[in-house]
Novice: 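Sharing a structure here in structure tokens format.
Quick note on labels: first sequence line is chain A, next is B, and so on, each numbered from 1. This one's a predicted model, so the numbers in the text were calculated from it and none came from an experiment.
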2 protein chains.
Amino acid sequence: MTDTPGYRPLYRQVYDIIVRKVAQGVWRPGTSLPSEQSLAREMGVSQGTMRKVLDALTAENLLERRQGKGTFIAENTQERALFRFFRLARPGGKRLTPERVDETVKVRVARAAERTKLDLARGERVVEIVRTRLIEKRPAIRELIILPAALFPGIEKRPSLPNSLYSLYQSEYGINIVAAHEELSAQLATAEDQQLLEISEGDAVLVIERLAVSLQERKVEWRASRVRCSDLVYAVTLN
Amino acid sequence: MTDTPGYRPLYRQVYDIIVRKVAQGVWRPGTSLPSEQSLAREMGVSQGTMRKVLDALTAENLLERRQGKGTFIAENTQERALFRFFRLARPGGKRLTPERVDETVKVRVARAAERTKLDLARGERVVEIVRTRLIEKRPAIRELIILPAALFPGIEKRPSLPNSLYSLYQSEYGINIVAAHEELSAQLATAEDQQLLEISEGDAVLVIERLAVSLQERKVEWRASRVRCSDLVYAVTLN
DNA sequence: GAGTGGTCTAGACCACGCA
DNA sequence: GCGTGGTCTAGACCACTCT
């Protein structure tokens, strides 16, 4: 029951068509779209309306437009994807990038909590990824990542995973992450935190739980990160 | 040296004029603007261009448009301002609202760190506000707030402060907060935290440092909040 | 110079709120 | 029924990129 509008503006319909084409992989990331003019003709709308659509999609990071060149499906390059969702920085603002150090990947049946988070049915399988990440050569983040196995066939057989998983999701599995809901809290470091993040007893860690949502509005990844925050902060700007 | 564009689109010029009028208080929050048509005539641009400007300002939360009624300068009502920048929630998503319980306000000379954060000169004075806030009747947040005294004359003499300070800044001092940069980290609760937030030794607290920026792009408020996070999280959505 | 997106215009008609 | 914002159109010209 999605709030029957009773009236659906043209530009909304065209918008949905384009989103669907990208979601279904008809248009691949990095490739260019036809020009504003030809798209407009093709879909039977005016150039002004088509422009409104393309501008909206650009604002939502799904497209990129470059004057004189064309309109392109946004690509989650390593750097881009990292900076888009990775919020850790030095106090004062300097952005940082993590390096992956080791990981274990396995497939197993989803637990109750995971089924709830990811809208899975009883008995469905998930991929579990556990990894530690370094920032400037020091252990900084312990991550537990849960994915619905059905969406990522064979991912556990890959020899290694890239630092930014979201570019992998996009290029290999056709899944575009467009939003992430994060919940942060503070906890006392556990014994395991102390060992793996090389911190002391009595230190606190920042715990970040993330639910990532795809273009098709499906809950695609659940992630819990435990962060050493001796000289790291989570930086965000609210508008 | 702001990146001389050498070319300044019409809509950008009009945009700046309107921002300036709001910033200078020519148009007051809550009041309505002239219609699109008359504004366009007044400024000598087409209605389409004026619409582009008004839509952009609406997207930035400076204006509100209501079909059939008109265009209004956005007002930081108590609720609005709270939900815009207050990110604490129950795990799982339920938004919460805090209540103020007590506060002390004094004016003093700025310390070095404060001068840096707020771009103040040596010897300038600041307002220091210390308060505790409750969530569902339990102490949840300890806040230290620093303001440049020059921007908030007489604020220390007010009998009490509202729960949402930003609506006060706007209505009484003509200062519109449009963005907040936040940096989060986790710390072990201090003895004072334990007492005032009613938590135990060895608990961790979430520390949120915020720098709030006004429409005139001036750094207007620096705030450090210490949050009991036994059943609270900081919730944010990244796009 | 040809092709792309970016800006700007002028005007028509639709949906909404209110008196 | 009038005035407001919301949608849609058709067309002109400007700025950027590449060849």
Side-chain angles (χ1 to χ4, degrees), chain A residues 2-19 21-22 27-75, chain B residues 2-19 21-22 27-75 77 80:
Chain A
T2 62
D3 206 351
T4 342
Y7 169 63
R8 227 178 137 58
L10 237 190
Y11 75 89
R12 230 321 178 183
Q13 303 172 32
V14 175
Y15 179 103
D16 290 343
I17 290 172
I18 294 187
V19 166
K21 284 203 188 190
V22 176
W27 286 328
R28 313 281 307 175
T31 61
S32 74
L33 265 62
S35 76
E36 218 171 79
Q37 282 287 5
S38 36
L39 273 174
R41 267 199 312 276
E42 206 176 299
M43 309 238 186
V45 300
S46 78
Q47 186 179 355
T49 299
M50 184 51 73
R51 161 166 291 271
K52 181 162 182 169
V53 171
L54 298 177
D55 282 349
L57 289 164
T58 302
E60 302 195 1
N61 297 309
L62 192 63
L63 297 182
E64 285 173 36
R65 313 197 76 187
R66 271 169 289 189
Q67 187 172 158
K69 302 194 69 174
T71 303
F72 303 80
I73 313 284
E75 205 168 2
Chain B
T2 61
D3 203 356
T4 343
Y7 167 65
R8 230 177 135 57
L10 237 189
Y11 75 89
R12 230 322 179 182
Q13 303 171 34
V14 175
Y15 179 103
D16 291 343
I17 290 171
I18 293 187
V19 167
K21 285 203 186 189
V22 175
W27 287 327
R28 313 283 305 176
T31 61
S32 74
L33 265 62
S35 74
E36 218 172 77
Q37 282 287 5
S38 37
L39 274 174
R41 266 200 312 277
E42 206 176 298
M43 309 239 184
V45 300
S46 77
Q47 188 181 352
T49 299
M50 184 50 74
R51 162 167 290 271
K52 180 162 183 169
V53 171
L54 298 178
D55 282 349
L57 289 164
T58 302
E60 301 194 3
N61 298 309
L62 192 64
L63 298 181
E64 285 173 36
R65 314 197 76 187
R66 269 169 290 188
Q67 187 172 169
K69 301 194 71 172
T71 304
F72 303 81
I73 312 284
E75 204 168 3
T77 59
R80 190 101 42 100

Novice: B:Met43 has an atom CE; how far is it from atom P of C:dT9, in whole Å?
Specialist: 13 Å
Novice: Can you find a pair of side-chain heavy atoms, one from B:Leu39 and one from B:Val14, that are under 4.5 Å apart?
Specialist: no
Novice: Taking A:Gln13 for the side chain and A:Arg8 for the main chain, is one N or O donor matched with an acceptor at less than 3.5 Å?
Specialist: yes
Novice: Measuring to OP1 and OP2 of C:dG6, would you say a side-chain N or O of A:Arg51 lies under 4.0 angstrom away?
Specialist: yes
Novice: Could you state the CD-P distance from B:Gln37 to C:dT9, rounded to the nearest angstrom?
Specialist: 13 Å
Novice: Once side-chain hydrogen bond (donor to acceptor under 3.5 Å, both in side chains) is applied, do any residues pair with B:Arg51, and if so which ones, sequence neighbours excluded?
Specialist: B:Glu36
Novice: At less than 4.0 Å, is any side-chain N or O atom of B:Thr49 found next to OP1 or OP2 of C:dT9? Yes or no.
Specialist: yes
Novice: So if I take residues 28-36 of chain B and measure heavy-atom distances to DNA chain D, which residues fall below 4.0 Å?
Specialist: B:Ser35, B:Glu36
Novice: The side chain of A:Tyr11 is closest to which nucleotide in this list: C:dG5, D:dT7, D:dG6?
Specialist: D:dT7
Novice: Whole-Å distance between C:dA15 P and A:Arg8 CZ?
Specialist: 15 Å
Novice: Hey, does the side chain of A:Lys69 come within less than 4.0 Å of C:dG3's phosphate (OP1/OP2), counting only N and O?
Specialist: no
Novice: Figure out the CZ/C1' separation between A:Arg12 and C:dC14, and round it to whole Å.
Specialist: 19 Å
Novice: Nearest whole Å is fine: how far is D:dA15 P from A:Arg66 CZ?
Specialist: 21 Å
Novice: Closest approach to the side chain of B:Val45, judged atom by atom: which nucleotide of C:dT9, C:dG6, D:dA10 is it?
Specialist: C:dT9
Novice: What is the minimum heavy-atom distance between A:Val53 and A:Tyr11, and which atoms define it?
Specialist: CG2-O, 3.3 Å
Novice: B:Gln67 has an atom CD; how far is it from atom P of C:dA15, in whole Å?
Specialist: 9 Å
Novice: Can you name the nearest heavy-atom pair linking A:Ala74 to A:Pro29, along with the distance?
Specialist: O-CB, 3.9 Å
Novice: Do the non-hydrogen side-chain atoms of B:Trp27 and B:Ile18 ever get within less than 4.5 Å of each other?
Specialist: yes
Novice: Looking at A:Arg65, I'd like to know whether one of its side-chain N or O atoms comes within less than 4.0 Å of OP1 or OP2 on C:dG6.
Specialist: yes
Novice: Figure out the NZ/P separation between A:Lys52 and D:dT9, and round it to whole Å.
Specialist: 11 Å
Novice: Quick check: on DNA chain D, is the nucleotide nearest A:Gln47 upstream (toward 5') of the one nearest A:Gly68, or the reverse? Name the residue that is more 5'.
Specialist: A:Gln47
Novice: Any side-chain N or O of B:Thr71 less than 4.0 Å from the OP1 or OP2 oxygen of D:dG5?
Specialist: yes
Novice: Give me the atom names and distance for the closest heavy-atom approach of B:Glu75 to B:Gly30.
Specialist: OE1-CA, 3.6 Å
Novice: Between C1' on D:dT4 and CZ on B:Arg41, what's the gap in Å once rounded to a whole number?
Specialist: 14 Å
